[in-house]
Amino acid sequence: MTRTRKLENWILTGGSLLAAAIWTFPLYWAFITSIRTEDRVVSDGAGVVPDEFNLSSYVEALFNTKLLTWYWNSIATSVIITLVVLISGMMCAYAISQMRFPGRRLLYGIVLASFMVPSQALVVTQFILMNDMGLINTWAGIILPQLIVPVVIIVYKQFFDAVPKEMREAVVLDGGGDYTLLFKIYLPLNWGITTALAIITFIMSWNQFFWPFLVVTTENMMTIPVGITQVNDAFGVYYARLMSVALLGAMPVAIAYLIFQKKVTEAVMISSGVKG
Amino acid sequence: MITNRRRDVAVAMTLIAPFVLTFALVFLYPTLRMIALSFTDAPLIGEGEWVGLANFKRLLSDRLFFTSLKNNGYFVLLTVVPTTVLALAIALTINRLKGALQSLVLALFFLPYILPVSVVTEIWMWMLDFQFGILQPVFEFFFGKSIPVFKNPYWVMPTVAAVTIWWTNGFNVLLFIAGLRNIPTDFYEAAALDGATRWQMFRRVTWPLLWPVTALVLTLQLILQLKIFDQVYLMSSGGPFNSSYVLLLMVYREAFQLNHGGYASAIALILFVVIMVVSVLQFQLLRARGTK
Amino acid sequence: MAVQLRNVRKAFGTVQVIHDVSMDIASGEFAVFVGPSGCGKSTLLRMIAGLEDTSSGKVSIEDVDVTETEPAKRGVAMVFQSYALYPHLSVYENMAFSLRLRHAPKQEIEEKVREAAGILRLEEQLHKKPSQLSGGQRQRVAIGRAIVRQPKVFLFDEPLSNLDAELRVQMRLELARLHKQIGATMIYVTHDQVEAMTLADKIFVLKDGVVQQTGRPLDLYRNPDNRFVAGFIGSPAMNFLTATVTGREGDQLALRVGDTTFSAQTQEPIATGTIVTIGLRPEHLVISETGLPVKMEMAEELGGLAYLHTRRPEGEEIVVEWRGDEHAVMGETLKLTCPADKIMVFDSEGLRVR
Amino acid sequence: MAVQLRNVRKAFGTVQVIHDVSMDIASGEFAVFVGPSGCGKSTLLRMIAGLEDTSSGKVSIEDVDVTETEPAKRGVAMVFQSYALYPHLSVYENMAFSLRLRHAPKQEIEEKVREAAGILRLEEQLHKKPSQLSGGQRQRVAIGRAIVRQPKVFLFDEPLSNLDAELRVQMRLELARLHKQIGATMIYVTHDQVEAMTLADKIFVLKDGVVQQTGRPLDLYRNPDNRFVAGFIGSPAMNFLTATVTGREGDQLALRVGDTTFSAQTQEPIATGTIVTIGLRPEHLVISETGLPVKMEMAEELGGLAYLHTRRPEGEEIVVEWRGDEHAVMGETLKLTCPADKIMVFDSEGLRVR
Amino acid sequence: AQEVTWWDFLSGGDGVRMKALIERFNDEHPDITISGTTLEWGVPFYTKVRTSVAVGQGPDVMTYHLSRMPLGLEEEVLDTISEDDLAAAELSKEDFFPASIAAASDEKGALHAVPFDIHSIVLYVNKSYLEGSRFLDGDGNLTGIDNLEDFEEALALAKENGSSAPVSYATGDDGGTYRVFFTLLKQLGGELIVDGEVLPGDNMEKAAKAIEVMTRWHENGWQPEQAEYAASVALFTSGKSAFHMNGVWEVPTMVDMETKDTLGFDWGAVQIPNLMGTTATWADSHAFAIPAGTNMSPEKRKAVMTVIGWMEKNSLAWANAGHIPAYKPVANSDAFKEMEPNATYSSLAETAAYDPRSAIAGVASPVYDAAINIISPAMHGYMDPQQAAEQIKSELQSKLQ
Ligand SMILES: Nc1ncnc2c1ncn2[C@@H]1O[C@H](COP(=O)(O)OP(=O)(O)OP(=O)(O)O)[C@@H](O)[C@H]1O
Ligand SMILES: Nc1ncnc2c1ncn2[C@@H]1O[C@H](COP(=O)(O)OP(=O)(O)OP(=O)(O)O)[C@@H](O)[C@H]1O
Ligand SMILES: [Mg+2]
Ligand SMILES: [Mg+2]
């Protein structure tokens, strides 16, 4: 390698590290703010170098708000959404991909079209519907409208399509039916894509703001993203507390991401169809 | 295959039932109801009178509606192409890094994407706070004075756009990286043997081969950014003097603050149609360019 | 009869793929369907398995009409070209799969799998996943999966085509041994005539959904019924030249190709002046002082043996087998002759003139 | 010398992949690098192209040291195994690519592309996209892209390995013709020894990053320097047996394999009692009344020719070429002999004892 | 046991004290449990109330601003509170200041909320900037601010003494801007709405004048630019402001910091001085209300009223948060009269200026929207005061139809 190319590499590496550092600076700053006392936060000369390590605002956030309840709501609804979306999506995709029944093309057409339909535009009537069903302020109310994730069906279908026909025929020759095929063969064969879709669906529903914000009115039913905006339970100056609530809210998924980074990266790529 | 056709269809029905039923309940029915509601003067909850096209006529004279429509367009302009270009640039840089360093840099750029929107807005409102925001000295350096970005009609949309880009850009970076990884190194080696410069490699090899991914990113972004609500609601609530009002915010206000279910549905219907039309159009357009 | 087809036809939509095929495969026989790609071999096999409906005709297995029977109930087992191993299951579970579906007792499953593994020398691999196996081992697992079901008929659809050349030879050997060992009826599909020749008790040569000829391997090589079979069987393929009948002397038919005269041994009467096609196998061509002039183009070297690719001035390519030391180089002209009893004559329809 | 390597080495990290390779390739020569997968052929080729740095040593092209020269300035053109055709460009644009980069005048581009297309018979395809072409046509476009650049040296990295067998033979012919026609220096990488034998003026046999032997194709077949080359060149591969030297009589070395005695023609002195390996090519083995006893396992039928797969009771497999009519059937015992001048002897290091 | 669902919008010092009260109540009443939810103050709170009441998902009891009563009545989100209800809480209308009862009733005199407090804005002072000037008397109390000129002189002085924002209030916030504007308007003798007409007659000039004053403060660099609520407080507590105009509810913040010794300066809180000619200060009341359409059982309703009654009787603790209790027995008690700094500004009760009684006024109403959308931009220089006043008039007038 020539010297200029080496130098270039150094500049590139240094440059991208710097850019990444700048990119993540807001998170760093939020963290620094959160471990300061409120007075320190707004005093002159509170620079970017951490000079205090004070967890009082975290203690406040954890015990003076309903953060723990919101965690529970977020986890429960996200997990249920993920499970239901995956299972129903998988079943539907299997039928579209592997079976012949009247309306199959139409169904897939609808799935493809609903990919483009803005569900946010439906909030008003979805809200009315949830009210008619008495589901305001319930998990079911939070969950139901989030159950339509067409991309899950589209991706599953693509992957099921790619399973060799012989796999199916082998099972048929062995005397297995469609449920055997789906749950004993197609599903285990596509564990990778299932985890990928699960990760994406989970992140999506965990971060959902608009709908839970509408359908939940009581503090006890709020999810994390809604809870942290609805309640500024602090007085006077509350920046440190605000940042600690925000960081605590972001923590679970952020930690999960940092641990399963490769998997998440792959999941995004797969579910957007850029990589199969 | 020799099988029992009728039984097969029955099995298929049980398989599609969960999705189809949910779809009908929370998607199809609300859509139809939205259309029906848009011709009435119903409140959010309760019955209304049939008013024909009155809601739509009213829209035509509602200044806020046109402001919002314009702002939606402005926001799309501010986000879609910039985020695509930025993501591409970042992806190209990251793609040249190796091993652990690559994962690290990628992780840092992707991290904001997994944050809930409210966390993002809380952090940025603090970053940009007029009195204590860490970024105000930067504004002072460049513009000679601090700027209350959420209170200034010229700054508010670009700021919301910038925060949005910061938040969602990691996703696009990933797509571009996946796209770049799909380009065999052979192409670059062949081009190197042919004497291509860096720029020529990008212009003549990378860019055309990346076009499908670029089209995908543009389409996804367009659909996504037309649906802007969360960031605007949380950061500027549509102000100052409505200079960041957007359609979905208007839907929300009419339905949930002012109790105008019918009028809100009319606006939602317009938004619905706009997004469908724009995304289908763009899809066709981009595909056409791709195959050319 | 283990398998019997009677006037079987198959159409996909309006496209007739199998035309009125009847065949008999005896119990214990190793039957091979061979033919070019797309000729309908797989379709035929899949019809026997029940994976494809028959448009008309009758399929019987062990003298029971199974035309309308579900695949699982026909008592056939199939080994796919892609193996179709379940990648998420261990070798053991792959083999046990069909028994589990039938809720066979644990004891029985264990026994049968172990037995099959013994036959296929897979005892050591039972706990592994297919991805940890070599190509040949995977192939054996696929066969093992068939064996445990103790089917009346084994069906193979190009089971070796995914293997590399060396392994293919080895697996052929294994298949032949397996057939000897378990003595079951096997139907084997391939488009590789070497495989067919090597394995078959009986070959069915197919073309465009029609059986061209049936017989023992070397019979087909020596005594093909038509130009298609002659060209298909034998490697490298037979060279074909257009010739004019110039006369007959006893069983020696005189033929002219360009300016060169050949004589071929035939009994059937044929008029002087008829345009026929003659077939000359590369291994029967001799380079001599006189004969058909051709120009050397390239030698395909195998070491002790070379195939010389030559071309007539008229443009037809002729391949000549060469054994010996130095051969002609590119551009040189050679003269070719062939013994009369090795020349085959085909009429304008491609039918053999014997 | 068109291409000259002097003491070239290459390491990826700590792994030494190319060990001290020196080679000379004359102008206009068709040189082939052959060797098993992973032996470093591609790496060597890429070092000549400049796509890979050399860890040490010197690469010269037409007597100019290019070790530090950028790929584009070396005057070489490369045809990749994957073809690396730009899918978004038409055939014409693919071929014109390098000229456009150099901002060549339109006129010149047009001329050169048309000329190359003429040579490769691609005139009809110029407006098509690569995805609309057949495998062979794609291959030709890849070559066309090299031709328009009029390079000093053409580099090919397994250009035919993506094609099916039939097309491969045909494309080999085309390559040979092309080499004749444009007379340029070509370096060709393959792991297929038949391809190497067929195309090369000069073969370099590589193993683990070391050149094993260099020479004309048939020289390597007849006179391999070591066991590796002997086993690698020739198809089917040479049979190897362990033998004990039992004595010598003039240039006849007496050897014992099991209970059978062979005699081999060698000059070099070798002590009685030494354990050696002898190599017997399938085409040189003769079935006779006496000789090495082996059991018949399977015959690989080619029609006029069959390879008999046999096995010694000790377990070693021996392949015998058979030409003639009926051959032995499975299970029969055969006795094999071999003419003394065809037996090759290798010492314990695998080096040839001549 | 009855569970009473409780919503409030009380944050800051208010929130802490209310939580303490709720806890105390729960401790003292084994048969009733208050389960509280705190929602974001202002528009979000009232939006949620409106939506939840519409879908029958409202709380059993909630805090409500009396300024918003007409709007609340128009939205039909408030249940009436009968005499029987009051009796159940052991309260009667006579226990409250008549003005607040009037504010909590509809046109026909039916009660829709139980007043809890009166709160207004006050002027917080950082004395360190005024030391040695004529604005501090011998006891260190603020003095000598009798008109606008005096006040502006004090601001200039503070600026000179290094205060970066001599008078801080939430200039970028609807509430902060509105309260100061309304105070100034009232001090000018102006009215916002008279008989369904917005800024009639010379009220328009007065509004323009009020905005002009605020604009001048901005132009002279005396008030912070676009300060969010928290920032405006932080400016004062971190010692950057000499004066701070904010609600009494921030008193506990100062008290707490003073006790913890983190404030770093001497502070005081006084009634907003008479700057424009008339003594007047914006004021509002917190009250308890029961959402419409809850269909609660009599037992539940009794429990709810018990909660309200208890809260009233224990409102001395609430006064701790700086408010003046609306419940006379507490307001007139000695304990309250001695409470500091409340005593310093308790005189304002007489001069309190409530929002006009109109469906477009009150917290989270079009009037507040006008503050953030018109007044705040105007004082930051996006339009001139006259224009702004005109726009307020036209904007609000159209909402009234
Ligand atoms: N499901 C189908 N629908 C329509 N045509 C089909 C279908 N399956 C096969 N065919 C057609 O039937 C003909 C025979 O196909 P078949 O697969 O039996 O060929 P094959 O002899 O097995 O070829 P190969 O050697 O390539 O496997 C082909 O022309 C094929 O295109
Ligand atoms: N970029 C690289 N980094 C590390 N090792 C490499 C790299 N490229 C090649 N190698 C190693 O160098 C050795 C030679 O590789 P090379 O590609 O030259 O083999 P080859 O002879 O071309 O094999 P094949 O016939 O499979 O193409 C292999 O062991 C390979 O694993
Ligand atoms: Mg087939
Ligand atoms: Mg290679």
Side-chain angles (χ1 to χ4, degrees), chain B residues 42-48 61-64 67 118 121-122 124-134 136 139-140 143 145-156 159 230 233-245 249 251-261 264, chain E residues 40 42-44 46-57 71 74-77 164-165 168 170-174 177 224-236 238 240-241 293 364-366 369-383 388 391 395 398-399:
Chain B
L44 179 58
I45 301 297
E47 297 302 306
S61 60
D62 191 335
R63 275 232 316 279
L64 189 56
T67 310
S118 39
T121 54
E122 297 275 15
W124 277 97
M125 276 153 74
W126 169 228
M127 295 275 297
L128 290 165
D129 188 271
F130 185 59
Q131 274 74 28
F132 301 105
I134 183 84
Q136 289 301 345
F139 285 122
E140 269 167 46
F143 304 101
K145 58 182 173 43
S146 306
I147 296 168
V149 286
F150 298 117
K151 300 294 178 187
N152 182 311
Y154 306 105
W155 277 86
V156 64
T159 306
D230 302 356
Y233 173 78
L234 290 168
M235 293 198 288
S236 70
S237 312
F241 18 102
N242 301 335
S243 51
S244 61
Y245 234 93
L249 197 59
V251 172
Y252 168 73
R253 187 174 103 123
E254 291 295 340
F256 296 93
Q257 284 176 9
L258 303 176
N259 205 17
H260 299 148
Chain E
E40 196 180 348
V43 179
Y46 287 110
T47 305
K48 277 285 178 228
V49 167
R50 179 157 204 183
T51 316
S52 322
V53 170
V55 300
Q57 287 281 331
L71 185 47
E74 191 192 80
E75 290 173 357
E76 297 175 344
V77 297
S164 59
S168 81
T171 53
D173 210 53
D174 52 352
T177 304
E225 201 176 324
Q226 303 286 14
E228 296 292 346
Y229 181 83
S232 76
V233 178
L235 280 171
F236 183 71
S238 61
K240 296 191 175 74
S241 295
S365 71
D369 288 347
I372 187 66
N373 281 333
I374 303 170
I375 302 175
S376 176
M379 68 193 191
H380 287 100
Y382 292 106
M383 65 184 104
Q391 203 175 323
E395 185 100 331
S398 74
K399 292 268 157 51

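Model, not experiment: these values are computed from the prediction. Order of the sequence lines fixes the chain letters, A, B, ..., with proteins taken first and strands second; residue numbering starts at 1 for each chain. Note: hydrogens, waters and symmetry copies are ignored here, and every other heavy atom, side chains too, is used.
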query = Under 3.5 Å, side chain of B:Lys151 to main-chain N/O of E:Gln226, donor-acceptor pair present?
reply = no
query = Side chain, backbone, both or neither: which part of B:Phe132 has an atom under 4.5 Å from a heavy atom of chain E?
reply = side chain
ask   = Which atoms of B:Phe150 come close to chain E, meaning under 4.5 Å heavy atom to heavy atom: side chain ones, backbone ones, both, or neither?
value = neither
Engaged part of E:Tyr382 at the chain B interface, taking heavy atoms whose separation is under 4.5 Å = side chain
Side chain / backbone / both / neither for E:Val49 at chain B, heavy atoms under 4.5 Å = neither
request  = Answer yes or no: does atom OH of B:Tyr154 have more than 12 heavy-atom neighbours from other residues, nucleotides or ligands under 6.0 Å?
outcome  = no
key: E:Glu76 atom CD: more than 12 heavy-atom contacts under 6.0 Å   = no
ask   = Below 4.5 Å, heavy atoms only, C-beta onward: do B:Asn259 and E:Glu75 meet side chain to side chain?
value = no
For E:Ala54 against B:Ile45, the heavy-atom pair lying closest together = O-CG2, 3.6 Å
task = Could you grab the distance from atom OG1 of E:Thr51 to atom CZ of B:Phe256, nearest 0.5 Å is fine?
result = 6.5 Å
